[in-house]
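Reviewing the structure listed below.
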Amino acid sequence: MKTFYTADHHLHHSGMELSFGKIVETFEKPERAEIILARVKEVGLGPILTPQDYELAPIKRVHTPDYVDFLKGVYEEWQAAGRDGEVWPYSWRHRSMPPIDKAPSGLDARLSYYSFDMAGSITATTWQAAKRAADTALAGADAVLGGERTAFSLCRPPGHHAGRDFFGGYCYLNNAAIAVQRFRDAGRSRVAVLDVDYHHGNGTQEIFYDRADVLVASMHGDPDFEFPFHLGYARERGEGAGEGFNLNYPLPSGTQWPEWSAAFEDACRRIEAFDAQALVVSLGVDTYKEDPISQFKLDTPHFSEIGARIAALDLPTLFVMEGGYAIGALGVNAVNVLTGFEQAG
Ligand SMILES: NCCCNCCCCCC(O)(O)C(F)(F)F
Ligand SMILES: [Zn+2]
């Protein structure tokens, strides 16, 4: 299996995170990608390739031009406003406030408008890192389109919380969604997304919510207690033409393999029935029992089982890295999915 990776991910590293009332080192740190890369090399998964520069067109097939322009230029605006340090939003719309449908002019107002949380900042080079993560997903998609049965896009920063025009949850560009659209633009008429990250892929849901050509399935911490909270319920099944093509499997805190895998199996069966021509897996391994910010109890051997079951879907498959924060097990858990896939033959 080919792995696509660029050291440009180091260009994004938020200087802090507010976690349970304390300022801590961000959980989404560059070391994560290095640990996974080291494990890829250790098991001899296959070639490690640097993605080309795909420029902006494929990104704008998913994200709005005004949002892309905002992400690209906001750090410079921040500096021009005489501010140093990192760009942080700090206020968001409450459900009692009427929605606005066009971007305000103020810098902090637009930061609020184009985001939904402050899990991560925008540094001087975050845009470059996010753009290169999208390139990494595109290169993986092109490898699969070129005939590879599967590929691994070792993306950082992650993407599945980013919507058409908003960042949050450590995500700025939705790498998996950009890859999905790449498959669609190459003529694959139906593409499935399987999001196994512990957190609901709210961005991916939003991007494809009204579409019947992309089936999105996600099993995740129930929003009643878990980030991103406000959505990810089973009742959210898509809208318009997309009705029935969004599948949410919210699960309780403490979920273990039997319950998690039952939801996963149901999602796999729905994907089989969807008759897709390609599959994009949002691969988060924060479902692991020792993940510092997550509440599920999967164990390392289970990640191999996940990979084997995905292989049984018998679809051209792109794995796109999302979350996972248990530094000691992150590499083994993530790569177990990939070797589990390959060993299933
Ligand atoms: N400070 C403790 C609360 C953390 N709140 C943010 C959680 C973000 C999860 C991100 C992720 O794991 O879903 C991704 F795949 F996108 F990376
Ligand atoms: Zn996650």
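Because the structure is a prediction, the values reported are computed rather than measured. In listed order, ligands and their atoms are each counted from 1.
To the nearest 0.5 Å, atom CZ of residue Arg188 and atom CG of residue Leu145 are 5.0 Å apart. Rounded to the nearest 0.5 Å, atoms CZ (Arg237) and CD (Gln205) are 12.0 Å apart. Distance check, rounded to the nearest 0.5 Å: OH of Tyr90 to CG of Leu111 gives 9.0 Å.
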Please give the N or O to N or O pairs under 3.5 Å between ligand 1 and the protein, distances rounded to 0.1 Å.
residue  : atom   : partner : partner atom : Å
ligand 1 : 1 (N)  : Glu17   : OE2          : 2.6
ligand 1 : 1 (N)  : Ser19   : OG           : 3.4
ligand 1 : 12 (O) : His199  : ND1          : 3.3
ligand 1 : 12 (O) : Asp286  : OD2          : 2.9
ligand 1 : 12 (O) : Tyr325  : OH           : 2.5
ligand 1 : 13 (O) : His160  : NE2          : 2.8
ligand 1 : 13 (O) : His161  : NE2          : 2.7
ligand 1 : 13 (O) : Asp197  : OD1          : 3.1
ligand 1 : 13 (O) : His199  : ND1          : 3.2

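Taking backbone and side chain together, Asp286 holds an N, O or S atom under 2.8 Å from the Zn ion (ligand 2).
A donor-acceptor pair under 3.5 Å is formed between the side chain of His161 and the backbone N or O of His200.
Atoms OD1 of Asp197 and ND1 of His199, as seen from the Zn ion (ligand 2), are separated by an angle of 110°, to the nearest 10°.
Geometric assessment of Arg110 against the ring of Tyr114 yields a negative cation-pi assignment under the 6.0 Å and 45° thresholds.
For the pairing with Asp8, the salt bridge (charged side-chain N to carboxylate O under 4.0 Å, His left out) check across Arg132, Arg156, Lys131 returns one residue only, Arg132.
Ion pair Arg39/Glu42 flagged as a salt bridge, since at least one NZ, NE, NH1 or NH2 atom sits closer than 4.0 Å to an Asp/Glu carboxylate oxygen.
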